[in-house]
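In listed order, ligands and their atoms are each counted from 1. Because only heavy atoms are used, hydrogens play no part in the values below, and waters and symmetry mates are left out as well, while side chains stay in.
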Amino acid sequence: MDRKKNTSDIEVNDSICNNFQDQVSKVLIRHKSVLDIITKLDEYNSRVSRAVAKSVTNCGCISINAKKQDFSNITFEEMASRAESHLEGHLCDNCKDVIEEEIGSYLFYLAALSNTLNVDLSEIIEKENDRIKTLGIFNLT
Ligand SMILES: [Zn+2]
């Protein structure tokens with residue numbers, strides 16, 4: 001039963017990714033060069049980080065309280081439950097909108113790069129999902 005549900009979810013995600021890649025290919029005109037695409041991808045990667053930083057420093061809806069992760073004298077399996085994000089608070093609606101917009105733009109250029117290189121985003125997600133499932137907690141990425 002669960003297997004059938006998972007297969008259905010994958011088909012839906014395939015469709016979303018394929019539609020998204022198709023849509024991006026139709027509207028990407030101005031930055032069609034692979035050089036424009038990879039530099040725009042870098043730009044939006046920075047803009048996502050900048051939006052997170054601004055949520056901390058300008059808005060204050062989230063804060064970062066970072067310190068060394070203490071993984072001494074614990075098993076590898078215990079690391080996952082002890083690892084901290086160092087993030088406190090929750091994104092306000094405004095910051096969430098900004099971050100979602102920047103991530104969306106990042107995804108646009110990721111889809112554009114995938115189109116240019118003739119790779120399928122849904123296949124990449126499926127392969128990565130399989131790799132994560134296989135490696136489980138031993139996935140160190
Ligand atoms: Zn905020």
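- Shown here for Ser25 and Asp22, the closest heavy-atom pair between the two residues is OG-O, 2.7 Å.
- Side-chain contact check for Asp97 versus Glu101: every heavy-atom pair is 4.5 Å or farther apart.
- For Asn19, the side chain to side chain donor-acceptor pair (under 3.5 Å) criterion is met by no residue, not counting sequence neighbours.
- Contact between Ile99 and Ser55 at its shortest, heavy atoms only, is CD1-OG, 3.8 Å.
- Closest approach of Lys67 and Glu84 over heavy atoms only: NZ-OE1, 3.4 Å.
- Here the closest non-hydrogen pair linking Leu121 and Gln21 is N-OE1, 2.7 Å.
- Shown are the protein N/O/S atoms under 2.8 Å from the Zn ion (ligand 1), given by residue and atom: Cys59 SG, Cys61 SG, Cys92 SG, Cys95 SG.
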